[in-house]
Amino acid sequence: MTDTPSNIHATAIVVGSTGLLFMGPSGWGKSMLAFACIAQAQHIGMSAILVADDQVLISKQDGAVIATCPASIAGLIELRGTGIVKVPYIARAAMHYAVLPGSVSGEKRLPPEGERMTIANGMDLPVIRLLANTPLPLAVLMAKAPDIGQ
């Protein structure tokens with residue numbers, strides 16, 4: 001069963017067969033972190049590809065959270081300060097993790113174990129926190145969730 005998709009502000013990629021949905025405030029660096037993960041994965045011989053940048057259509061199908069790219073932005077990603085570039089993409093994929101901004105200091109520096117986030121219409125995903133200036137974002141994500149890329 002498929003529901004009506006919700007259009008959310010996010011960037012969706014797939015590394016191996018793992019869908020990563022980067023969500024957070026405008027200017028956090030979702031697109032650049034996602035692009036860095038794709039480049040890093042490809043550099044080490046893993047498959048990685050863009051689903052959608054800036055706008056992601058989210059729906060649920062057979063229990064899975066599905067990200068779909070609006071046709072008008074297919075294959076486009078904005079690399080802040082560089083501009084919009086064309087990259088290989090797939091039109092839709094299952095998402096497995098929500099990647100959210102981490103906190104450098106304070107009481108939220110260590111996020112709670114088992115954290116989940118509602119993405120849209122009651123759909124939720126497990127959360128991995130990531131700092132915007134992380135030099136090797138894919139390595140950090142894989143340290144937290146070793147199933148990424150499988």
Side-chain angles (χ1 to χ4, degrees), residues 5-44 46-60 64-70 72-90 92-150:
S6 297
N7 191 336
I8 65 169
H9 181 69
T11 298
I13 67 170
V14 177
V15 176
S17 61
T18 306
L20 301 172
L21 187 64
F22 292 77
M23 302 177 66
S26 183
W28 170 55
K30 297 177 288 295
S31 302
M32 194 63 84
L33 285 168
F35 182 78
C37 285
I38 291 169
Q40 191 180 349
Q42 291 173 345
H43 182 75
I44 61 174
M46 294 175 66
S47 67
I49 196 162
L50 176 72
V51 178
D53 180 47
D54 192 49
Q55 298 178 52
V56 181
L57 303 175
I58 295 292
S59 59
K60 195 164 204 168
V65 175
I66 304 295
T68 305
C69 183
S72 61
I73 59 169
L76 301 176
I77 188 167
E78 180 186 359
L79 302 178
R80 193 173 295 250
T82 299
I84 297 173
V85 298
K86 183 107 174 115
V87 297
Y89 76 99
I90 56 174
R92 59 183 276 133
M95 293 291 107
H96 300 93
Y97 292 98
V99 180
L100 302 176
S103 177
V104 177
S105 61
E107 63 185 53
K108 296 194 182 230
R109 189 180 86 200
L110 295 176
E113 285 298 319
E115 183 180 14
R116 295 187 71 87
M117 175 167 182
T118 299
I119 307 306
N121 297 332
M123 293 174 270
D124 72 323
L125 290 172
V127 169
I128 302 174
R129 297 282 176 170
L130 190 64
L131 295 177
N133 59 353
T134 300
L136 297 171
L138 183 60
V140 173
L141 293 173
M142 291 174 76
K144 184 65 178 175
D147 60 318
I148 292 174
Q150 302 297 313

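All figures in this text were calculated on a predicted structure; none of them were measured in a lab.
- Across all their heavy atoms, L130 and P137 have their closest contact at CD2-CB, 3.9 Å.
- Put simply, CG on L138 and CD1 on I13 are 7.5 Å apart, with the number rounded to the nearest 0.5 Å.
- No hydrogens or angles considered: nothing links the side chains of D124 and T118 as a donor-acceptor pair under 3.5 Å.
- Nearest approach of A10 to L21, heavy atoms of both residues: CB-CD1, 3.9 Å.
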*Please lay out, stage by stage, how V51 and M95 fare under the test side chain to side chain contact (heavy atoms under 4.5 Å, CB included).*
CA-CA 10 Å; V51 178; M95 293 291 107; 4.3 Å; yes
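- Residues that satisfy the side-chain contact (heavy atoms from CB on, under 4.5 Å) test with M46, not counting sequence neighbours, are V15, A41, I44, M142.
- When the options T68, N7, T11 are evaluated for a side-chain hydrogen bond (donor to acceptor under 3.5 Å, both in side chains) with Q55, the one that passes is N7.
- Listed by chain and number, the residues in a side-chain hydrogen bond (donor to acceptor under 3.5 Å, both in side chains) with S6 are N121 (sequence neighbours excluded).
- Atom NE2 of residue H9 and atom CG of residue D54 lie 5.5 Å apart, to the nearest 0.5 angstrom.
- Taking each heavy atom of V87 and F35 in turn, the nearest pair found is CG1-CE1, 4.2 Å.
- Residue pairs satisfying the salt bridge (Lys or Arg N to Asp or Glu O under 4.0 Å) criterion with at least one member in residues 92-105, sequence neighbours excluded, are absent.
- Taking each heavy atom of A98 and L125 in turn, the nearest pair found is N-CB, 3.9 Å.
- For L33 against A132, the heavy-atom pair with the smallest separation is CD2-O, 3.6 Å.
- Taking CD1 from I58 and CD1 from I119, the interatomic distance works out to 7.0 Å, rounded to the nearest 0.5 Å.
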Name each donor-acceptor pair under 3.5 Å that joins a side chain in residues 73-85 to protein atoms two or more places apart or in another chain, with its distance.
none

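- Screening residues 13-26 for salt bridge (Lys or Arg N to Asp or Glu O under 4.0 Å), with sequence neighbours left out, gives no hits.
- Listed for the K60 side chain is no donor-acceptor partner under 3.5 Å among the backbone atoms of M123.
- Counting only residues at least two apart or in different chains, side chain to side chain donor-acceptor pair (under 3.5 Å) contacts with residues 129-149 comprise Y97-D147, E113-K144, E115-R129.
- Between M117 and M23, the shortest heavy-atom distance links the atoms CE-CE, 4.0 Å.
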